[in-house]
Novice: 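Let me begin by handing over the structure; questions about it come next.
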Amino acid sequence: MELLSNLALGLETAATPANLLYCFVGVFLGTFIGVLPGVGPLAAVAMLLPVSFYLEPATALVMLAGVYYGAEYGGSIASIVLNIPGTPSSSVTCIDGYPMARKGRAGLALFATSVASFFGAIIGVLVIVLLAPKLAEFALLFQPAEYFSVMVLGLVAASIVSSTGAVRGLMMVCLGILLGTIGVDVNSGETRFTGGIPELRDGISLVVVAMGLFGVSEVMVSLRGATQSYAGAKLSWRGFFPTRSEWRRSLAPALRGSATGSFFGTLPGTGQTVASFVGYALEKRISKNKAEFGKGAIEGVVVPEAANNAAAQTAFIPTLTLGIPGSTTMALMIGALMIHGITPGPRLISEHPDLFWGLIVSFLFGNLFLLILNIPLIGLWVRLLRVPHYYLYPTVIMMICVGVYGISNSLTDVWATLAFGVLGYVLRLFRFEPAPLLIGFVLGPMMEEFFRRAMLLSRGDPMIFVERPGSAALLAVAALLLVFSAVSPKRVFRSVFPKE
């Protein structure tokens, strides 16, 4: 009964005209931006984050969430039609989606993507409804020591899944933490790392860092290999609907992909890319049609899309209930909540039940909008990909600068955004991913605050972090992750299962 009453409260919040409108706007713009190769959900949310400042907290979160999972879906369109992944997680969809398009079955691939995405998202929402309140109740037992340790775990998890290596990921996390300490220390009143620049006394804005690292730098990276326009591709709608055999082949993979995505989405710092790759690898391992993978197997489209969208939904579980970003984009969601004066964590559900349950129910509306929107608009997305780069990228830069300036009417913020864009570009040239930096930037100040509280409670004794069982367990898991990342998985596998 309590669950039904909570869902009724969420429906009452999500079904208001304003929230429905902004949910629709969010998924539309998210899909629009997600289709652009290399931009992705992080840049999409970063670019539209300033708009949310002028909205009510629930409406802002509904819109940004729509942008988030809309961009995740949009990335699969370019993957299938042009073999250009719009997002990192949709790169798996290229493996079988593009071969299907070359066989004249792009319509089937896009239809399967829409249905699998919707199916995975619904499974993810069900997991949130059942798991999030219980996790929040458990987290209420946390004290500052446990909060500090769970943030350490989140930062470690975010760093070791970096595609460029755990060491580089840890370096980026540490740099993000250092950037997060810039400004006046709220406890001592001392100015830290401002370099004598008065504008830095209040610290660096999250929007400036995010839009620079993931907006400006993405454009700069894309321009390196840009041609005048993307290659055209004719879309064939022959065989639009799956056959009865293809429906049967898709059901079990969709379930397995949704389960994989739901699991990895709840782990702080992993995100959709890991879920998509793992889901595809597992399906290829157990499928009866192994020979078809990579040549246009429908399972190869269904599994990564179901996993991707399930993970996109369940990433909100650690974000909302623990205050730990379930993915890089979730770090921006935490920033959006904090800007509106709402602290994510165990008390969010009890203190703001209308916002929490309204956001969860809005996922159902948003994914339904995506299902209805995507099929008629596929032609539009394909034409968008043919826009010349010399029109497209200056427009993106202009939108970023206008958005940053509109927050505080400060030209300093605009220049800082461009500077972070150059920094992000240089980091990518040397194979450093900026994503862990953003997570460190968001969690660093929070981790420092909980460290201070824990030390006050223990009268300066650092043993509190290992004497409390919950804190010790979380730190042990973080240490195990670091050890695992330092040891080659192939070497471990061969030692356990040696070749005969």
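These numbers come from a predicted model, not from an experiment.
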Novice: Should we count OH of Tyr22 as having more than 12 external heavy atoms under 6.0 Å?
Specialist: no
Novice: Out of Val302, Val301, Leu108, Asn309, which residue meets the side chain to side chain contact (heavy atoms under 4.5 Å, CB included) rule with Thr113?
Specialist: Val301
Novice: Stepwise, does the side-chain contact (heavy atoms from CB on, under 4.5 Å) test hold for Arg256 with Val303?
Specialist: CA-CA 7 Å; Arg256 287 190 286 266; Val303 168; 5.9 Å; no
Novice: Minimum heavy-atom separation for Ser217 to Gly424, with atom names?
Specialist: CB-C, 3.8 Å
Novice: Measure the acute angle between the ring planes of Phe111 and Trp247, then classify it against the limits of 30° and 60° as parallel, tilted or perpendicular.
Specialist: perpendicular
Novice: Can you tell me how far the NE2 atom of His352 sits from the OG1 atom of Thr13, to the nearest 0.5 Å?
Specialist: 13.0 Å
Novice: Report the C-alpha distance between Phe365 and Phe24 in whole Å, list the side-chain angles of each, state the deciding distance to 0.1 Å, and finish with yes or no for ring-ring contact (aromatic ring centres under 6.0 Å, His included).
Specialist: CA-CA 8 Å; Phe365 289 114; Phe24 178 84; over 10 Å; no
Novice: What pairs with Leu337 under side chain to side chain contact (heavy atoms under 4.5 Å, CB included), at least two apart in sequence or on another chain?
Specialist: Leu61, Leu320, Ile342, Pro344, Leu355
Novice: Rounded to the nearest 0.5 Å, what separation is found between the CD atom of Gln313 and the CD1 atom of Ile128?
Specialist: 6.0 Å
Novice: Answer yes or no: is there a donor N or O on one side and an acceptor on the other, between the side chain of Thr59 and the main chain of Leu55, under 3.5 Å?
Specialist: no
Novice: Can you name the residues that form a side-chain hydrogen bond (donor to acceptor under 3.5 Å, both in side chains) with Ser258, not counting sequence neighbours?
Specialist: none
Novice: Should Asn6 and Pro353 count as side-chain neighbours, where that means a heavy-atom distance under 4.5 Å?
Specialist: no
Novice: By side-chain hydrogen bond (donor to acceptor under 3.5 Å, both in side chains), which residues pair with Tyr280, not counting sequence neighbours?
Specialist: Asp96
Novice: Please evaluate residues Phe356 and Phe316 with respect to the criterion side-chain contact (heavy atoms from CB on, under 4.5 Å), reporting the C-alpha separation (whole Å), side-chain torsions for both, the decisive distance (0.1 Å), and the verdict.
Specialist: CA-CA 10 Å; Phe356 177 83; Phe316 281 91; over 6 Å; no
Novice: Is any side-chain heavy atom of Met330 closer than 4.5 Å to one of Tyr68?
Specialist: yes
Novice: Which atom names give the shortest non-hydrogen contact between Met100 and Ala297, and what distance separates them?
Specialist: SD-O, 4.2 Å
Novice: Using atom types as modelled and distance alone, determine if a side-chain donor or acceptor of Ser76 lies under 3.5 Å from a backbone N or O of Glu72.
Specialist: no
Novice: Check whether any side-chain N or O of Asn367 sits under 3.5 Å from a backbone N or O of Phe363 as a donor-acceptor pair, and report yes or no.
Specialist: yes
Novice: With sequence neighbours left out, what residues match Ala259 under side chain to side chain contact (heavy atoms under 4.5 Å, CB included)?
Specialist: none
Novice: Salt bridge (Lys or Arg N to Asp or Glu O under 4.0 Å) with Arg249: which residues, sequence neighbours excluded?
Specialist: Glu292, Glu299
Novice: Could you go through the side-chain contact (heavy atoms from CB on, under 4.5 Å) check for Leu49 and Leu332 one step at a time?
Specialist: CA-CA 8 Å; Leu49 184 60; Leu332 283 180; 4.3 Å; yes
Novice: To the nearest 0.5 Å, what is the distance between CG on Leu9 and CD1 on Ile360?
Specialist: 12.0 Å
Novice: Decide yes or no for Glu283 and Ile286: does some side-chain heavy atom of the first lie under 4.5 Å from some side-chain heavy atom of the second?
Specialist: yes
Novice: Measuring only between side-chain heavy atoms, which start at C-beta, is Asn19 closer than 4.5 Å to Thr16?
Specialist: yes
Novice: Within this structure, what is the OH-CG distance for the pair Tyr425 and Leu213, rounded to the nearest 0.5 Å?
Specialist: 15.0 Å
Novice: Could you give me the CA-CA distance, side-chain angles and deciding distance for Leu370 and Ser117, then say whether side-chain contact (heavy atoms from CB on, under 4.5 Å) is met?
Specialist: CA-CA 9 Å; Leu370 279 175; Ser117 299; over 6 Å; no
Novice: Do any N or O atoms from the side chain of Ser52 and from the backbone of Leu48 form a donor-acceptor pair under 3.5 angstrom?
Specialist: no
Novice: Tell me every residue that passes side chain to side chain contact (heavy atoms under 4.5 Å, CB included) with Val152, counting only those two or more places apart in sequence or in another chain.
Specialist: Phe148, Val156, Met447, Leu475, Ala478
Novice: Out of curiosity, Glu12 CD to Asp354 CG, how far, rounded to the nearest 0.5 Å?
Specialist: 9.0 Å
Novice: CG of Leu364 to CG of Leu7: how many Å apart, nearest 0.5 Å?
Specialist: 8.5 Å
